[in-house]
Amino acid sequence: MARVSAAGGPSRRRVWADLGTGVPDGICVDSEGAVWCADVPNQRCVRVREGGAVADTVLADRG
């Protein structure tokens, strides 16, 4: 779990999921703890589990 340092910034930061070539733009956590994010350059939305496993992908016809 991330914490706030004495200086007011984040501490104990870590990578939750490496999306490779994905470019997340906004995120939403679902009831199972997975994250949905838009990936505009790749014309899709992805549902990602902690660690980076892509659970679902919704393709779009534009960015």
Side-chain angles (χ1 to χ4, degrees):
M1 172 185 263
R3 305 249 187 234
V4 177
S5 71
S11 66
R12 297 176 52 192
R13 295 173 69 164
R14 65 185 175 91
V15 174
W16 188 82
D18 182 352
L19 300 178
T21 62
V23 184
D25 180 11
I27 64 171
C28 178
V29 179
D30 66 19
S31 63
E32 296 177 1
V35 170
W36 280 95
C37 64
D39 182 2
V40 178
N42 293 304
Q43 299 180 325
R44 64 185 184 162
C45 288
V46 293
R47 181 175 182 252
V48 183
R49 297 190 184 280
E50 185 170 8
V54 175
D56 294 290
T57 301
V58 177
L59 300 176
D61 63 352
R62 63 190 68 130

Note to self: Using a 4.5 Å cut-off between side-chain heavy atoms of Ile, Leu, Val, Met, Phe, Trp and Tyr, which other residues end up in the same hydrophobic cluster as Ile27?
What the structure shows: Trp16, Leu19, Val29, Val35, Val46, Val48, Val54

Next item on the list: Please collect all side-chain hydrogen bond (donor to acceptor under 3.5 Å, both in side chains) contacts where either partner lies in residues 34-44, sequence neighbours excluded, each pair once.
Entry: Asp39-Asn42, Asp39-Arg44

Checklist line | Selection residues 22-31 - residue pairs positive for side-chain hydrogen bond (donor to acceptor under 3.5 Å, both in side chains), sequence neighbours left out | finding: Asp30-Arg47

Note to self: To check you understand the geometry: which heavy-atom pair defines the closest contact between Thr57 and Leu59, and what is its length?
What the structure shows: CG2-CD2, 3.8 Å

